[in-house]
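Order of appearance sets the numbers: ligands from 1, and atoms from 1 within every ligand. Starting from 1, each residue takes its place in the sequence as its number.
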Amino acid sequence: MKNYIEKAGLGSILAKVEDGDRLSPADGLQLYQSHDILALGYLADMVRNRLNGDRAYFIYNQHINYSNICTNLCKFCAFGKEKGSDLGYEMSVEEVKQKVRDRLDEPITEIHMVGGIHPDLPFEYYVDLLRGIKEIRPAIHIQAFTCVEIAHLAGLAGKPVEQTLEILKEAGLGSIPGGGAEVFSPRIRNLTCEKKLSGNDWLEIAKTAHRQGLRTNATMLYGHIETMEERLEHLDALRQAQDETGGFLAFIPLSFHPKNTEMSSLSRTTGIDDLKNIAVARLYLDNFPHIKAYWVMIGPKLAQVALSFGADDMDGTVKEEVITHMAGADTDQAIGSTTLVRLIKEAGRIPVERDTLYNVIQVHA
Ligand code: V47
(Lines give C-alpha, C1' and ligand atoms only; values in the text may rest on other atoms or scores of the structure.)
Protein backbone atom coordinates (compact mmCIF):
# COMPACT_ATOMS: atom_id res chain seq x y z
CA MET A 1 0.00 0.00 0.00
CA LYS A 2 2.95 2.32 0.67
CA ASN A 3 3.87 2.23 -3.03
CA TYR A 4 0.29 2.91 -3.99
CA ILE A 5 0.08 5.96 -1.68
CA GLU A 6 3.42 7.24 -2.99
CA LYS A 7 2.24 6.85 -6.57
CA ALA A 8 -0.82 8.91 -5.63
CA GLY A 9 1.63 11.66 -4.61
CA LEU A 10 0.69 11.35 -0.93
CA GLY A 11 3.93 9.78 0.37
CA SER A 12 4.88 12.70 2.64
CA ILE A 13 1.38 12.76 4.13
CA LEU A 14 1.60 9.00 4.76
CA ALA A 15 4.84 9.56 6.68
CA LYS A 16 3.17 12.20 8.84
CA VAL A 17 0.12 10.01 9.46
CA GLU A 18 2.35 7.07 10.44
CA ASP A 19 4.30 9.26 12.87
CA GLY A 20 1.13 10.86 14.26
CA ASP A 21 2.28 14.31 13.10
CA ARG A 22 -0.17 17.11 12.47
CA LEU A 23 -1.04 17.83 8.82
CA SER A 24 -0.40 21.36 7.52
CA PRO A 25 -3.04 23.41 5.63
CA ALA A 26 -1.07 22.63 2.42
CA ASP A 27 -1.40 18.90 3.20
CA GLY A 28 -5.12 19.34 3.79
CA LEU A 29 -5.55 21.10 0.47
CA GLN A 30 -3.56 18.40 -1.31
CA LEU A 31 -5.90 15.80 0.17
CA TYR A 32 -8.96 17.72 -1.03
CA GLN A 33 -7.40 18.04 -4.49
CA SER A 34 -6.58 14.33 -4.76
CA HIS A 35 -8.87 12.11 -6.83
CA ASP A 36 -7.44 8.91 -5.39
CA ILE A 37 -10.25 7.96 -3.05
CA LEU A 38 -8.63 4.66 -2.06
CA ALA A 39 -5.43 6.41 -0.98
CA LEU A 40 -7.46 8.95 1.02
CA GLY A 41 -9.50 6.16 2.57
CA TYR A 42 -6.44 4.13 3.52
CA LEU A 43 -4.85 7.12 5.26
CA ALA A 44 -8.05 8.14 7.04
CA ASP A 45 -8.73 4.58 8.15
CA MET A 46 -5.32 4.44 9.82
CA VAL A 47 -6.24 7.45 11.95
CA ARG A 48 -9.76 6.16 12.64
CA ASN A 49 -8.37 2.82 13.72
CA ARG A 50 -5.85 4.47 16.03
CA LEU A 51 -8.59 6.53 17.69
CA ASN A 52 -11.54 4.16 17.72
CA GLY A 53 -10.26 0.66 16.97
CA ASP A 54 -12.88 -1.89 15.94
CA ARG A 55 -15.80 0.07 17.33
CA ALA A 56 -18.36 2.02 15.35
CA TYR A 57 -21.07 3.94 17.14
CA PHE A 58 -24.76 4.70 16.82
CA ILE A 59 -27.36 6.27 19.06
CA TYR A 60 -31.04 5.67 19.74
CA ASN A 61 -32.33 9.23 19.22
CA GLN A 62 -35.40 11.23 18.24
CA HIS A 63 -35.30 14.46 16.22
CA ILE A 64 -37.84 17.18 16.96
CA ASN A 65 -37.98 20.42 14.95
CA TYR A 66 -40.19 22.71 17.02
CA SER A 67 -40.65 25.34 14.26
CA ASN A 68 -39.42 26.10 10.75
CA ILE A 69 -40.35 29.77 10.86
CA CYS A 70 -37.12 31.65 10.35
CA THR A 71 -35.90 35.19 9.82
CA ASN A 72 -32.59 34.10 8.26
CA LEU A 73 -34.00 32.41 5.13
CA CYS A 74 -30.65 31.03 3.94
CA LYS A 75 -30.45 30.30 0.22
CA PHE A 76 -29.37 26.67 0.76
CA CYS A 77 -32.23 25.86 3.12
CA ALA A 78 -35.63 24.44 2.18
CA PHE A 79 -36.75 24.09 5.80
CA GLY A 80 -36.91 27.74 6.92
CA LYS A 81 -40.10 29.64 6.02
CA GLU A 82 -41.17 33.23 6.52
CA LYS A 83 -43.78 33.91 9.16
CA GLY A 84 -47.17 33.81 7.45
CA SER A 85 -46.09 31.23 4.85
CA ASP A 86 -48.52 28.35 4.28
CA LEU A 87 -45.62 25.95 4.78
CA GLY A 88 -44.54 27.46 8.09
CA TYR A 89 -45.32 25.72 11.38
CA GLU A 90 -44.65 26.15 15.06
CA MET A 91 -45.36 23.57 17.74
CA SER A 92 -46.69 24.51 21.12
CA VAL A 93 -44.77 23.24 24.14
CA GLU A 94 -47.63 20.78 24.62
CA GLU A 95 -47.22 19.45 21.04
CA VAL A 96 -43.52 18.89 21.58
CA LYS A 97 -44.26 17.11 24.86
CA GLN A 98 -46.77 14.91 23.02
CA LYS A 99 -44.07 13.92 20.50
CA VAL A 100 -41.94 12.79 23.42
CA ARG A 101 -44.87 11.00 25.08
CA ASP A 102 -45.67 9.18 21.81
CA ARG A 103 -42.32 7.37 21.97
CA LEU A 104 -42.04 6.67 25.68
CA ASP A 105 -42.03 2.93 25.01
CA GLU A 106 -38.88 3.19 22.83
CA PRO A 107 -35.38 3.08 24.35
CA ILE A 108 -34.52 6.61 23.20
CA THR A 109 -31.58 8.20 25.04
CA GLU A 110 -31.32 11.51 23.18
CA ILE A 111 -33.70 14.16 21.88
CA HIS A 112 -32.08 16.24 19.12
CA MET A 113 -34.06 19.47 18.86
CA VAL A 114 -33.44 22.45 16.57
CA GLY A 115 -35.57 25.01 14.77
CA GLY A 116 -35.52 28.24 12.78
CA ILE A 117 -34.76 31.71 14.13
CA HIS A 118 -38.32 32.59 15.04
CA PRO A 119 -39.25 36.31 15.03
CA ASP A 120 -41.45 36.39 18.11
CA LEU A 121 -41.38 33.30 20.34
CA PRO A 122 -40.22 34.49 23.78
CA PHE A 123 -37.20 33.12 25.70
CA GLU A 124 -39.55 31.36 28.15
CA TYR A 125 -40.87 29.16 25.31
CA TYR A 126 -37.41 27.61 24.81
CA VAL A 127 -36.90 27.13 28.53
CA ASP A 128 -40.36 25.55 28.77
CA LEU A 129 -39.53 23.19 25.87
CA LEU A 130 -36.52 21.86 27.78
CA ARG A 131 -38.41 21.63 31.09
CA GLY A 132 -41.41 20.00 29.41
CA ILE A 133 -39.31 17.29 27.75
CA LYS A 134 -37.50 16.56 31.03
CA GLU A 135 -40.82 16.35 32.88
CA ILE A 136 -41.91 13.52 30.60
CA ARG A 137 -38.55 11.78 30.18
CA PRO A 138 -36.29 12.84 33.08
CA ALA A 139 -33.37 10.61 32.05
CA ILE A 140 -33.23 11.83 28.46
CA HIS A 141 -30.24 13.82 27.19
CA ILE A 142 -31.42 16.90 25.30
CA GLN A 143 -29.06 18.00 22.55
CA ALA A 144 -30.66 21.20 21.37
CA PHE A 145 -30.34 24.62 19.76
CA THR A 146 -27.45 25.25 17.36
CA CYS A 147 -24.95 28.00 18.15
CA VAL A 148 -27.05 30.22 15.86
CA GLU A 149 -30.12 29.64 18.03
CA ILE A 150 -28.09 30.09 21.24
CA ALA A 151 -26.99 33.56 20.05
CA HIS A 152 -30.64 34.37 19.29
CA LEU A 153 -31.79 33.10 22.69
CA ALA A 154 -29.16 35.21 24.47
CA GLY A 155 -30.58 38.22 22.60
CA LEU A 156 -34.11 37.30 23.71
CA ALA A 157 -33.02 36.77 27.31
CA GLY A 158 -31.12 40.07 27.24
CA LYS A 159 -28.25 38.29 28.96
CA PRO A 160 -24.66 37.32 28.06
CA VAL A 161 -24.25 33.91 26.39
CA GLU A 162 -22.70 32.46 29.59
CA GLN A 163 -25.76 33.30 31.70
CA THR A 164 -28.16 32.21 28.98
CA LEU A 165 -26.45 28.83 28.78
CA GLU A 166 -26.64 28.46 32.55
CA ILE A 167 -30.41 29.02 32.46
CA LEU A 168 -30.80 26.54 29.59
CA LYS A 169 -28.61 23.97 31.37
CA GLU A 170 -30.66 24.33 34.50
CA ALA A 171 -33.82 23.72 32.42
CA GLY A 172 -32.37 20.52 30.93
CA LEU A 173 -30.00 21.34 28.06
CA GLY A 174 -27.37 18.60 27.89
CA SER A 175 -25.29 19.52 24.83
CA ILE A 176 -25.38 21.53 21.61
CA PRO A 177 -25.66 20.07 18.09
CA GLY A 178 -23.31 21.07 15.28
CA GLY A 179 -25.70 22.81 12.88
CA GLY A 180 -25.51 26.36 11.59
CA ALA A 181 -21.75 26.28 10.96
CA GLU A 182 -22.32 26.00 7.16
CA VAL A 183 -19.02 27.27 5.70
CA PHE A 184 -17.32 29.86 7.90
CA SER A 185 -15.93 31.86 4.94
CA PRO A 186 -17.41 35.41 4.92
CA ARG A 187 -17.61 35.15 1.08
CA ILE A 188 -19.86 32.08 1.30
CA ARG A 189 -21.92 33.52 4.14
CA ASN A 190 -22.49 36.77 2.18
CA LEU A 191 -23.64 34.82 -0.85
CA THR A 192 -25.77 32.19 0.87
CA CYS A 193 -26.79 33.24 4.38
CA GLU A 194 -26.02 36.89 4.90
CA LYS A 195 -28.39 37.28 7.86
CA LYS A 196 -26.90 34.38 9.78
CA LEU A 197 -24.45 34.66 12.66
CA SER A 198 -20.86 35.02 11.33
CA GLY A 199 -18.44 32.10 11.36
CA ASN A 200 -16.36 33.76 14.07
CA ASP A 201 -19.42 34.29 16.25
CA TRP A 202 -20.47 30.65 15.73
CA LEU A 203 -17.03 29.56 16.95
CA GLU A 204 -17.14 31.95 19.91
CA ILE A 205 -20.52 30.56 21.05
CA ALA A 206 -19.19 26.99 20.74
CA LYS A 207 -16.06 27.83 22.76
CA THR A 208 -18.13 29.64 25.40
CA ALA A 209 -20.35 26.56 25.71
CA HIS A 210 -17.26 24.36 26.12
CA ARG A 211 -15.97 26.60 28.90
CA GLN A 212 -19.35 26.23 30.63
CA GLY A 213 -18.90 22.45 30.53
CA LEU A 214 -21.22 21.81 27.58
CA ARG A 215 -19.98 19.55 24.79
CA THR A 216 -20.91 20.50 21.23
CA ASN A 217 -20.66 19.11 17.71
CA ALA A 218 -19.55 20.81 14.50
CA THR A 219 -20.73 20.53 10.90
CA MET A 220 -19.79 21.79 7.46
CA LEU A 221 -22.35 22.13 4.66
CA TYR A 222 -20.38 21.18 1.55
CA GLY A 223 -21.06 20.67 -2.13
CA HIS A 224 -22.51 24.03 -3.23
CA ILE A 225 -20.41 27.07 -4.21
CA GLU A 226 -17.55 26.74 -1.74
CA THR A 227 -13.95 26.19 -2.94
CA MET A 228 -11.61 23.50 -1.62
CA GLU A 229 -9.61 26.29 0.07
CA GLU A 230 -12.76 27.44 1.88
CA ARG A 231 -13.49 23.90 3.05
CA LEU A 232 -9.98 23.63 4.37
CA GLU A 233 -10.15 27.02 6.12
CA HIS A 234 -13.35 25.80 7.81
CA LEU A 235 -11.64 22.64 9.08
CA ASP A 236 -8.61 24.66 10.17
CA ALA A 237 -10.76 27.07 12.22
CA LEU A 238 -12.43 24.09 13.91
CA ARG A 239 -9.08 22.45 14.66
CA GLN A 240 -7.79 25.68 16.23
CA ALA A 241 -10.93 26.07 18.34
CA GLN A 242 -10.65 22.47 19.50
CA ASP A 243 -7.00 23.09 20.48
CA GLU A 244 -8.25 25.89 22.71
CA THR A 245 -11.13 24.14 24.47
CA GLY A 246 -11.29 20.42 23.60
CA GLY A 247 -15.09 20.64 23.79
CA PHE A 248 -16.10 19.28 20.38
CA LEU A 249 -17.28 15.69 20.34
CA ALA A 250 -17.92 14.98 16.67
CA PHE A 251 -17.60 16.53 13.23
CA ILE A 252 -20.41 15.87 10.75
CA PRO A 253 -19.97 16.80 7.08
CA LEU A 254 -23.41 17.68 5.63
CA SER A 255 -23.86 17.13 1.89
CA PHE A 256 -25.84 19.90 0.22
CA HIS A 257 -29.36 18.94 -0.94
CA PRO A 258 -30.53 21.53 -3.49
CA LYS A 259 -34.22 20.70 -4.04
CA ASN A 260 -36.76 23.39 -3.03
CA THR A 261 -33.95 25.82 -2.16
CA GLU A 262 -32.89 29.06 -3.86
CA MET A 263 -29.85 27.12 -5.10
CA SER A 264 -31.88 24.39 -6.76
CA SER A 265 -30.00 24.68 -10.06
CA LEU A 266 -26.99 23.00 -8.42
CA SER A 267 -26.53 19.23 -8.45
CA ARG A 268 -26.40 16.84 -5.49
CA THR A 269 -22.95 15.85 -4.27
CA THR A 270 -21.31 12.68 -5.62
CA GLY A 271 -20.32 9.60 -3.65
CA ILE A 272 -16.64 10.38 -4.15
CA ASP A 273 -17.02 13.89 -2.74
CA ASP A 274 -19.02 12.54 0.22
CA LEU A 275 -16.30 10.00 1.06
CA LYS A 276 -13.56 12.56 0.47
CA ASN A 277 -15.08 14.95 3.01
CA ILE A 278 -15.22 12.20 5.61
CA ALA A 279 -11.62 11.15 4.90
CA VAL A 280 -10.10 14.65 4.83
CA ALA A 281 -11.98 15.58 8.00
CA ARG A 282 -10.66 12.47 9.78
CA LEU A 283 -7.11 13.28 8.69
CA TYR A 284 -7.14 17.02 9.31
CA LEU A 285 -9.21 17.17 12.52
CA ASP A 286 -6.68 15.17 14.52
CA ASN A 287 -8.10 16.56 17.77
CA PHE A 288 -11.73 15.54 17.12
CA PRO A 289 -12.56 12.20 18.74
CA HIS A 290 -15.35 11.29 16.30
CA ILE A 291 -16.35 11.75 12.65
CA LYS A 292 -19.97 11.00 11.81
CA ALA A 293 -21.28 9.61 8.55
CA TYR A 294 -24.84 10.94 8.88
CA TRP A 295 -26.88 8.34 6.99
CA VAL A 296 -29.80 10.74 6.41
CA MET A 297 -27.64 12.90 4.14
CA ILE A 298 -25.56 10.35 2.25
CA GLY A 299 -27.79 7.27 2.54
CA PRO A 300 -27.24 4.24 4.78
CA LYS A 301 -25.25 2.35 2.13
CA LEU A 302 -22.64 5.05 1.57
CA ALA A 303 -22.56 5.80 5.32
CA GLN A 304 -21.70 2.13 5.81
CA VAL A 305 -18.84 2.41 3.29
CA ALA A 306 -17.72 5.63 5.02
CA LEU A 307 -16.86 3.50 8.07
CA SER A 308 -13.80 2.42 6.04
CA PHE A 309 -12.99 6.01 5.00
CA GLY A 310 -12.53 7.64 8.40
CA ALA A 311 -16.00 7.65 10.00
CA ASP A 312 -16.63 5.86 13.30
CA ASP A 313 -20.26 6.85 13.88
CA MET A 314 -23.48 6.55 11.85
CA ASP A 315 -25.53 8.90 14.07
CA GLY A 316 -28.89 7.46 15.01
CA THR A 317 -32.40 6.21 14.62
CA VAL A 318 -33.59 9.86 14.14
CA LYS A 319 -37.32 8.89 13.89
CA GLU A 320 -38.52 11.96 11.98
CA GLU A 321 -36.17 14.02 9.81
CA VAL A 322 -37.48 17.24 8.30
CA ILE A 323 -34.57 19.57 7.33
CA THR A 324 -32.93 17.38 4.68
CA HIS A 325 -36.19 15.82 3.49
CA MET A 326 -37.67 19.23 2.69
CA ALA A 327 -34.57 19.69 0.49
CA GLY A 328 -35.20 16.48 -1.43
CA ALA A 329 -33.42 13.75 0.57
CA ASP A 330 -34.49 10.35 -0.72
CA THR A 331 -33.50 8.45 2.42
CA ASP A 332 -36.08 7.17 4.92
CA GLN A 333 -37.03 9.43 7.82
CA ALA A 334 -35.96 6.84 10.37
CA ILE A 335 -33.81 3.75 10.60
CA GLY A 336 -34.14 0.81 12.98
CA SER A 337 -31.38 0.05 15.48
CA THR A 338 -31.30 -3.53 14.14
CA THR A 339 -30.48 -2.14 10.68
CA LEU A 340 -27.74 0.10 12.08
CA VAL A 341 -26.24 -2.89 13.91
CA ARG A 342 -26.31 -4.95 10.71
CA LEU A 343 -24.76 -2.18 8.59
CA ILE A 344 -21.93 -1.74 11.10
CA LYS A 345 -21.32 -5.48 11.51
CA GLU A 346 -21.12 -6.02 7.76
CA ALA A 347 -18.55 -3.22 7.58
CA GLY A 348 -16.39 -5.34 9.88
CA ARG A 349 -16.83 -3.21 12.99
CA ILE A 350 -18.27 -3.88 16.41
CA PRO A 351 -21.53 -1.92 16.73
CA VAL A 352 -21.66 0.09 19.94
CA GLU A 353 -24.81 1.84 21.03
CA ARG A 354 -23.66 5.04 22.74
CA ASP A 355 -25.26 7.92 24.56
CA THR A 356 -24.76 11.51 23.42
CA LEU A 357 -21.45 11.84 25.29
CA TYR A 358 -20.14 8.53 23.84
CA ASN A 359 -20.63 6.52 27.02
CA VAL A 360 -21.24 2.92 26.01
CA ILE A 361 -24.83 1.69 26.40
CA GLN A 362 -24.49 -1.67 24.68
CA VAL A 363 -21.79 -3.46 22.75
CA HIS A 364 -23.30 -5.69 20.06
CA ALA A 365 -20.45 -8.18 19.93
O1 V47 B 1 -27.89 23.60 10.45
C2 V47 B 1 -29.72 23.15 5.87
C3 V47 B 1 -27.95 21.98 7.26
C4 V47 B 1 -28.21 21.43 9.45
C5 V47 B 1 -29.59 21.98 4.07
O6 V47 B 1 -24.77 17.72 15.69
C7 V47 B 1 -28.71 21.43 5.00
O8 V47 B 1 -24.84 15.56 15.72
C9 V47 B 1 -28.07 19.83 3.49
O10 V47 B 1 -26.80 20.12 11.87
N11 V47 B 1 -28.87 20.34 2.53
C12 V47 B 1 -29.07 20.61 10.41
N13 V47 B 1 -27.95 20.36 4.72
C14 V47 B 1 -28.56 19.21 10.59
C15 V47 B 1 -27.45 19.13 11.58
C16 V47 B 1 -27.14 17.85 12.25
C17 V47 B 1 -27.69 16.67 11.79
C18 V47 B 1 -27.38 15.48 12.44
C19 V47 B 1 -26.56 15.45 13.55
C20 V47 B 1 -26.02 16.65 14.00
C21 V47 B 1 -25.16 16.65 15.21
C22 V47 B 1 -26.29 17.86 13.34
O23 V47 B 1 -28.48 21.02 8.11
C24 V47 B 1 -28.43 22.90 9.38
C25 V47 B 1 -27.73 23.25 8.08
O26 V47 B 1 -26.37 23.40 8.28
N27 V47 B 1 -28.80 22.20 6.09
N28 V47 B 1 -30.22 23.03 4.62
C29 V47 B 1 -29.66 21.39 2.77
N30 V47 B 1 -30.45 21.90 1.83
Side-chain angles (χ1 to χ4, degrees), residues 57-59 61-65 68 70 72-81 110-117 141-150 152 174-184 188-189 192-193 196-197 199 202 206 209 214-226 234 238 247-264 266-269 273-274 277 288-299 303 311 313-331 333 335 354-358:
Y57 297 92
F58 71 95
I59 187 163
N61 63 355
Q62 174 183 6
H63 280 212
I64 298 178
N65 299 113
N68 67 346
C70 190
N72 280 346
L73 300 176
C74 306
K75 293 195 171 62
F76 51 73
C77 183
F79 170 73
K81 299 286 174 234
E110 173 192 272
I111 304 265
H112 175 115
M113 181 172 67
V114 296
I117 299 302
H141 181 108
I142 309 178
Q143 179 167 79
F145 311 137
T146 65
C147 291
V148 181
E149 287 162 282
I150 297 291
H152 173 64
S175 61
I176 295 178
E182 324 308 357
V183 181
F184 293 143
I188 296 293
R189 277 182 131 70
T192 64
C193 55
K196 192 166 240 165
L197 191 74
W202 187 99
L214 282 166
R215 307 303 297 270
T216 78
N217 289 334
T219 55
M220 175 173 72
L221 177 64
Y222 66 91
H224 42 97
I225 55 168
E226 82 289 0
H234 186 95
L238 286 174
F248 289 112
L249 278 171
F251 175 73
I252 310 110
L254 302 173
S255 80
F256 175 53
H257 284 58
K259 206 168 165 188
N260 304 323
T261 74
E262 281 188 51
M263 297 165 82
S264 60
L266 299 179
S267 306
R268 289 264 304 257
T269 60
D273 202 22
D274 294 336
N277 271 286
F288 272 63
H290 303 285
I291 305 290
K292 271 191 205 177
Y294 183 37
W295 64 266
V296 169
M297 294 266 169
I298 59 173
D313 190 330
M314 294 190 75
D315 197 70
T317 51
V318 176
K319 301 295 171 192
E320 193 182 347
E321 205 285 334
V322 185
I323 299 177
T324 327
H325 284 83
M326 283 182 95
D330 43 25
T331 44
Q333 284 202 307
I335 198 166
R354 63 165 175 89
D355 68 9
T356 310
L357 304 176
Y358 286 83

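To the nearest 0.5 angstrom, Asn217 atom CG is 10.5 Å from Phe251 atom CZ. Taking CG of Asp274 as the start and OG of Ser255 as the end, the distance is 5.0 Å to the nearest 0.5 Å. Rounding to the nearest 0.5 angstrom, the gap separating the NZ atom in Lys196 from the SG atom in Cys147 is 11.0 Å. Atom CG in Leu197 sits 9.5 Å away from atom CH2 in Trp202 (nearest 0.5 Å). Atom-to-atom distance recorded for Leu221:CG and Ile252:CD1 is 12.5 Å, nearest 0.5 angstrom. A distance of 11.5 Å separates CD1 in Ile111 from CD in Gln143, rounded to the nearest 0.5 Å.
Ranking protein heavy atoms by distance to atom 10 (O) of ligand 1, first place goes to Gly179 CA, 3.1 Å. Protein heavy atom at the shortest distance from atom 20 (C) of ligand 1 is His112 CE1, 3.6 Å. At the shortest separation from atom 1 (O) of ligand 1 among protein heavy atoms lies Gly180 N, 2.9 Å. Here the protein heavy atom with the shortest distance to atom 27 (N) of ligand 1 is Ile323 CG2, 4.1 Å. Scanning the protein heavy atoms around atom 11 (N) of ligand 1, the nearest turns out to be His257 N, 3.0 Å.
On a distance-only criterion, Tyr294 and ligand 1 share no N/O pair closer than 3.5 Å. In terms of polar-atom proximity, Asn217 is counted as a contact of ligand 1, with an N or O under 3.5 Å from an N or O of the ligand. For ligand 1, one of its N or O atoms has an N or O atom of Glu182 under 3.5 Å away. The shortest N/O to N/O separation between Phe76 and ligand 1 falls below 3.5 Å. Taking only nitrogen or oxygen atoms, main chain and side chain alike, Thr219 does not reach within less than 3.5 Å of ligand 1. Looking at Gly178 next to ligand 1, an N or O pair under 3.5 Å apart turns up.
Interface of Lys292 with ligand 1, defined as ligand atoms under 4.0 Å from a residue heavy atom, comprises 8 (O), 21 (C). In the vicinity of Ala327, heavy-atom distances shorter than 4.0 Å reach the ligand 1 atoms 30 (N). Ligand 1 places these atoms under 4.0 Å from at least one heavy atom of Ile252: 6 (O), 8 (O), 20 (C), 21 (C). Counting the atoms of ligand 1 from 1 in the order shown, those under 4.0 Å from a heavy atom of Pro177 are 6 (O). Near Cys77, with a cut-off below 4.0 Å to any heavy atom, the atoms of ligand 1 are 28 (N).
Looking at Val114 and Glu149, their side chains come closer than 4.5 Å, going by heavy atoms from C-beta outward. The closest side-chain heavy-atom distance from Tyr294 to Glu321 is below 4.5 Å. Counting heavy atoms from C-beta outward, Leu249 and Leu357 have side chains that approach closer than 4.5 Å. At a threshold of 4.5 Å between non-hydrogen side-chain atoms, the residues Met220 and Asn277 count as touching.
For atom 7 (C) of ligand 1, the nearest non-hydrogen atom from the set Leu221, Asn61, Leu254 comes from Leu221.
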message = Applying side-chain contact (heavy atoms from CB on, under 4.5 Å) to Val322 and Asn68, what does each step give before you reach the verdict?
response = CA-CA 9 Å; Val322 185; Asn68 67 346; over 6 Å; no
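Residue contacts with ligand 1 include Met297, since one or more of its heavy atoms lies under 4.0 Å from the ligand.
Contact annotation for Ser255 and ligand 1: only backbone heavy atoms (N, CA, C, O) come within less than 4.0 Å of the ligand.
Ring centers of Phe76 and Phe256: at least 6.0 Å apart, outside the cut-off.
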